[in-house]
Amino acid sequence: MNPERYIVHHETRYAYTAPVSQSWQLARLTPRMLPWQKLLSYSLDIEPKADERRDELDSFGNMVTHFGLHGAHRMLRVRMECLVEVTERPSVDAPMAPPVQQQMQLQGGVQMQSQSQSQTRMLAPAPLAWEAVREAIRAEPQQDDLIPASMSEPTPLVPLSEGARHYASKSFGRGRPWLDAVTELMLRIHDDFEFEPGATTVSTSVDEVLYQKRGVCQDFAHLMLACLRGHGLPARYVSGYLLTDPPPGMPRLMGVDASHAWVAAYSPQHGWVEFDPTNNQLADQRYITLTWGADFADVVPLRGVIFGGGDQLMDVEVSVIPA
Amino acid sequence: MLRELLDAYAVPDSRFDEMLASAGVPRPHWDAFLRALAAREGPEIGDTLSQMEREIRENGITYNVYADPKGADRPWEVDPLPLLLSASEWETIESGIAQRADLLNRVLADIYGPQTLLRSGAIPAPVIFGHSGFLHPMKGVRPAGGVHLFQYAADLARAPDGSWWVVSDRTQAPSGAGYALENRLVVSRVFPQMFSDLNVQHLASFFAGVRDSLLHWAPKPAAGEGSPLVVLLTPGPYNETYFEHALLARYLGFPLVEGSDLTVRSGCVWMKTVEGLKRVHAILRRQDDDYCDPLELRSDSALGVAGLTDCVRRGSVFVGNALGSGVIESGALLGYLPKLSEQLLGEPLKLPSVATWWLGEPAAFDDAWKRLDKLLIKPLERSFREPAHFGADLTHDERILLRAKVAARPQRYVAQEWVHVSQAPVLERGVAASLARGAPRSLQERLAPRAVGLRVFAVATPDGYRVMPGGLTRVAVDGDSRVIAMQRGGRSKDTWVLSGAPVNASFSLLSTTVKPEDLVGSRVNLPSRAAENLFWYGRYGERCDSAVRVLRVAIAGVLDHAAEPPDGLAPAILLAHKLGLIDDTADANVALLRAATHPEEALANRLRQLSRAAFNLRDRMSADNWRTLNQLAADPVFQRGTALPLALSWLDRAVTSMMTLSGYVLDGMTRSSGWRFLSIGRRLERLSHLCVTLEVATTDGAAHSLDWLLDLTDSTGTYRSRYLVAPEWLPVLDILMRDETNPRSIAFQVKGLSEYIAKLELSHGRFASDVLAPAQAALRDLAPKDLHPESAAVAEVLDQLRKCAGAVSDELTLKFFQHAASRSVLSLVA
């Protein structure tokens with residue numbers, strides 16, 4: 001497929017009712033460079049002009065702009081504009097639904113499964129069962145530079161949740177191929193949960209989302225992370241954008257006109273596969289990757305500490321336009 | 001005598017006894033100490049206990065407990081008997097601790113660096129990544145000298161066979177070294193002769209090592225910055241070990257700062273002082289690392305310094321311990337240390353850990369349930385704040401419940417072998433029974449065995465880890481307690497490491513590295529917060545003083561007129577009411593007595609406010625000053641209550657103490673800007689108090705005699721020396737308003753204020769002289785003919801000055817105490 005190009009605007013504005021005397025901010029607003037994503041042009045404008053400013057990679061490889069304002073100000077505007085080119089991601093084998101007979105054998109356990117598969121299907125590599133993915137990370141934590149191992153553990157926003165583990169367990173039958181199980185989990189979250197802006201806040205917990213069955217992309221991503229990590233499976237939070245205009249004849253997608261969030265899960269067999277539980281699809285050329293981390297706290301687009309300021313009014317404008 | 005002393009002291013088979021080899025037979029290194037103890041005269045030991053208790057109370061040695069609803073400090077409890085360790089035994093501990101600190105530092109360097117240990121599986125990745133202490137933002141950061149673990153502490157316990165085991169490691173911001181120091185000061189004073197005869201090793205060189213090493217690891221100051229500035233970062237007075245923070249700051253000579261005292265600019269950390277921003281080169285941190293930076297770490301932290309993490313990454317500041325070092329406190333790591341020691345140091349681990357298994361390993365989980373009787377199950381991280389479970393204590397049902405709980409999240413738990421820790425003697429007040437049997441008086445105090453644990457400390461010096469020769473011995477609460485925790489109310493002991501040869505006693509922290517060119521004048525770094533605390537200490541001190549004096553005059557008046565009440569209420573009672581000392585003037589006698597002596601009423605509350613302000617200044621306050629204040633605030637009158645005539649003698653005592661306190665200010669403080677803030681506070685408070693007093697005197701009190709007023713303002717002597725007549729309005733108002741030489745006059749306060757403000761304005765620009773000047777002029781313009789109670793001019797001046805005092809206070813706050821501005825965290829908003 002041809003590369004797609006997008007112009008992305010992401011503007012955050014704060015208005016303060018009282019002067020802010022000091023402000024320190026971290027902006028994570030630089031799209032990552034990836035084998036399938038090129039950053040052709042980029043600018044980040046800060047108003048009022050920052051008194052100090054510095055770019056640095058964080059421990060996840062995201063570009064962070066550190067900036068500080070040390071004079072009194074009543075507003076802050078941070079405007080990112082970029083031109084991104086996205087080509088096709090590496091293909092993921094279509095989820096293989098093994099024949100019924102084979103599935104029976106799989107229940108005997110992970111070992112038997114790979115044996116039986118190598119006997120029955122010589123051409124394609126045997127799909128790894130989800131338990132095998134878990135064991136592979138434990139046995140060989142060094143793969144992909146330890147990232148999967150570091151993305152298998154609870155975090156402040158995605159703590160261990162017995163509820164999430166239980167919810168997911170329906171999809172994680174014994175010996176079920178990893179891709180199959182995770183894909184089904186994505187589908188179930190999409191079907192069982194209502195997309196409803198305003199139903200949750202940034203501090204709504206995974207357990208609350210599970211209970212009220214509503215939320216936004218960030219909640220679904222956190223829920224899916226809790227489900228996967230609860231089963232010992234590595235997964236990370238991906239922050240980015242989704243193309244605004246639906247192509248003719250295609251249904252309008254939710255989660256547009258705002259930052260979007262989805263999940264990348266890891267298997268030694270497939271590498272990182274990006275699942276979007278909000279829209280029940282794998283990420284494709286319409287998905288522009290901004291940053292990733294263990295949960296939303298790692299990728300907050302603009303995070304800061306201010307002195308003074310009184311009440312704050314914030315608004316964010318995001319647009320993605322095909323170029 | 002020795003036999004009598006040891007008579008009732010039991011030695012069980014199941015534990016090691018520190019003092020006795022077998023019943024009645026002391027271990028060799030205890031022999032001399034016990035003989036000396038037994039040789040003491042009868043009442044002496046009892047006196048020893050009382051003396052120590054008094055000293056601890058008066059020095060305000062405390063341990064705050066978060067859970068205490070009153071936020072009250074609990075006095076630190078020290079047993080007078082030290083724990084003795086022989087020189088050879090200490091060598092074993094010392095080299096084991098130094099090795100362990102080195103090993104743990106290497107582990108930290110790896111997990112925040114190349115992570116080879118995680119890749120190879122030498123440490124299971126979940127042990128690190130699953131621990132909340134692993135801070136992703138610190139990945140790839142190498143501190144100066146590779147020192148992640150600047151300070152290290154280990155909790156040791158001695159097994160029945162006499163060998164020492166490490167129960168847990170403290171690698172975050174270990175506490176206790178300061179308490180050990182304080183124990184040493186108290187206990188060595190109780191047994192000065194024994195202390196010197198036994199050649200006890202001194203602690204001072206360890207603290208010198210802490211100070212010098214921080215200066216060594218700190219980045220080199222830029223030209224013109226002078227010597228490196230090191231600060232001690234505390235979470236603040238509400239932290240349980242705040243006393244220790246203040247003590248260490250004073251002992252090491254570092255400013256004690258809270259997060260709000262520091263700020264970040266251009267990648268460097270700066271301290272906000274009244275002289276402006278001062279670059280900070282090293283931070284000795286006593287605050288948990290995730291609270292250190294709301295910008296990059298916990299965004300809900302109200303304590304940290306926004307941007308600190310980035311400064312650390314850029315190497316512009318040395319932080320000890322490095323952010324993220326808490327992760328290796330994990331109990332899950334203990335089991336892997338022997339192999340890591342072989343791998344990283346090429347030598348066996350010298351001090352073993354108590355056998356500990358991480359239950360995240362399925363095999364360990366199954367095994368633990370088979371041997372539960374001998375184990376305790378505890379959470380991996382202290383922050384889980386979950387108690388340890390002793391397997392042997394659990395009923396069948398409780399075991400099933402615990403197993404289910406742990407099985408749900410096995411990676412959060414460890415199983416640890418339960419060690420019968422050793423016991424050591426504590427001195428206890430004896431039982432009456434021994435008296436009845438006609439036992440000698442010395443046996444009223446007896447030796448009783450208690451379980452003990454030893455916390456030892458090490459610091460990273462340029463020559464490797466140095467271990468403090470001694471430590472904090474912690475004592476279980478009762479006879480057979482298995483849990484030794486300060487938070488639960490345990491006592492502690494000094495730890496004496498004996499030396500074969502005389503120790504060099506001349507060493508003290510004062511043999512320093514300050515060179516002539518490092519001498520600083522009065523322009524020392526005064527953090528803005530400290531300036532604010534000094535200001536309020538001055539105000540509260542004056543507020544207490546005026547309360548005491550008003551109550552004294554009012555009560556004296558009530559007593560004088562008891563037989564023959566005067567017409568209407570005495571002006572002093574009205575003044576007490578106006579100042580909020582009493583609510584009700586209907587039954588003045590009762591109200592005044594309550595105000596003066598009830599622990600929840602006016603005077604007690606004001607003294608508490610003063611104590612609190614002083615507490616925030618612990619690092620700057622002399623021990624004498626502190627002791628006087630503590631005696632005053634804890635006067636027995638507040639417990640016992642008293643009758644009106646006796647209340648008067650209490651108030652006399654209180655006036656004397658207040659004068660002692662102001663004496664320290666006058667006589668014991670350098671005239672630095674800190675003193676100036678304190679003095680401005682006092683003058684402002686006294687000014688507004690005088691205005692209110694004179695307002696009452698010239699209105700409600702116009703018809704009364706003026707003796708009470710002169711008495712209240714301590715001006716009776718002045719008046720009598722000048723005028724031979726009974727007090728009259730004109731001379732009294734002249735003395736109290738216009739006389740610049742009378743320290744209790746309005747003019748005196750205004751003159752002082754204008755001088756102090758002028759001095760501050762020289763270096764900081766104008767802020768209050770414009771406010772003060774018109775009121776000062778109005779006072780000067782007051783003519784003698786106006787000095788009578790009906791005078792509108794007097795009333796106007798008083799009103800103007802009272803308002804002026806408030807305005808000056810506001811301007812000062814605005815100018816110097818801006819750090820208190822509200823802060824909010826905007827994070828987690830998309």
Side-chain angles (χ1 to χ4, degrees), chain A residues 12 14 18 21-26 51-52 54 56 58-60 64 66 68 70 137-143 145-146 148-157 160 162 165 201-203 218 232 239 258-259 261 293-294 296-298 300-310 312 314 316, chain B residues 111-112 115-116 118-121 123-132 134-141 260 263-267 290 293-301 304-310 313-314 360-361 408-409 411-412 818-830:
Chain A
T12 309
Y14 279 101
S21 59
Q22 299 278 326
S23 174
W24 292 266
Q25 304 285 336
L26 302 179
D51 294 299
E52 49 183 295
R54 196 167 69 107
E56 197 175 69
D58 68 13
S59 63
F60 304 103
V64 188
H66 299 246
H70 307 313
I137 302 300
R138 284 190 188 164
E140 295 171 47
Q142 77 281 11
Q143 50 191 309
D145 203 26
L146 279 166
S150 73
M151 293 289 164
S152 308
E153 303 297 332
T155 64
L157 294 183
L160 287 170
E162 181 51 29
R165 202 201 57 76
T201 69
V202 284
S203 57
Q218 179 188 313
S239 159
S259 301
F296 176 64
D298 292 332
V300 182
L302 192 61
R303 168 174 172 162
V305 175
I306 61 168
F307 281 81
Q312 304 152 15
M314 188 202 65
V316 179
Chain B
I111 60 183
Y112 285 107
Q115 302 187 323
T116 336
L118 303 179
R119 287 169 210 273
S120 68
I123 301 173
V127 167
I128 301 302
F129 293 136
H131 194 283
S132 66
F134 181 76
L135 301 180
H136 283 280
M138 299 315 296
K139 216 182 122 189
V141 178
S260 58
T263 185
V264 168
R265 291 279 197 295
S266 325
D290 51 345
D293 181 0
L295 189 59
E296 282 203 54
L297 305 172
R298 276 183 83 128
S299 58
D300 57 347
S301 166
V305 185
L308 178 64
T309 314
D310 197 40
R313 246 191 322 259
R314 296 164 79 163
E361 301 261 29
R409 305 171 170 191
Q411 62 273 45
R412 284 166 71 98
Q818 268 303 303
H819 59 274
S822 72
R823 182 176 77 180
S824 49
V825 177
L826 300 178
S827 72
L828 299 195
V829 180

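Within every chain, numbering begins at 1; the chains are lettered A, B, ... in the order of the sequence lines, protein sequences first and strands thereafter.
- For the residue pair Arg119(B) and Gln142(A), the shortest heavy atom distance occurs at O-OE1, 3.4 Å.
- Gln115(B) approaches Leu146(A) most closely through the heavy-atom pair OE1-CD1, 3.1 Å.
- With a 4.5 angstrom heavy-atom cutoff, Pro137(B) touches chain A only via backbone atoms.
- At a 4.5 Å heavy-atom cutoff, the contact between Gln22(A) and chain B is made by side-chain atoms alone.
- Most heavy-atom pairs under 4.5 Å with chain A: of the set Ser266(B), Gly121(B), Ala125(B), this distinction falls to Ser266(B).
- Between chain A and the options Gln411(B), Arg313(B), Met138(B), Arg298(B), heavy-atom pairs under 4.5 Å are most frequent for Arg313(B).
- Among Glu56(A), Arg54(A), Met151(A), His66(A), the residue with the largest count of heavy-atom pairs under 4.5 Å with chain B is Arg54(A).
- Taking both residues in full, the closest heavy atoms of Glu296(B) and Leu26(A) are given as CG-CD1, 3.5 Å, listed atom of the first, atom of the second, then distance.
- Looking at Val141(B), there are no atoms closer than 4.5 Å to chain A (heavy atoms on both sides), in backbone or side chain.
- Both the backbone and the side chain of Ser150(A) come within contact range of chain B, judged by heavy atoms closer than 4.5 Å.
- Looking at Arg138(A), neither its backbone nor its side chain comes within 4.5 Å of chain B, counting heavy atoms on both sides.
- In this structure, chain B has no heavy atom under 4.5 Å from any part of Glu140(A).
- Neither the backbone nor the side chain of Asp298(A) comes within contact range of chain B; no heavy atoms are under 4.5 Å apart.
- Taking all atoms of both residues into account, the shortest heavy-atom contact from Arg265(B) to Trp24(A) is NH1-CZ2, 4.0 Å.
- Taking each heavy atom of Glu153(A) and Pro126(B) in turn, the nearest pair found is OE2-CB, 3.2 Å.
- Nearest heavy atoms, Leu160(A) versus Arg412(B): CD1-CD, 3.9 Å.
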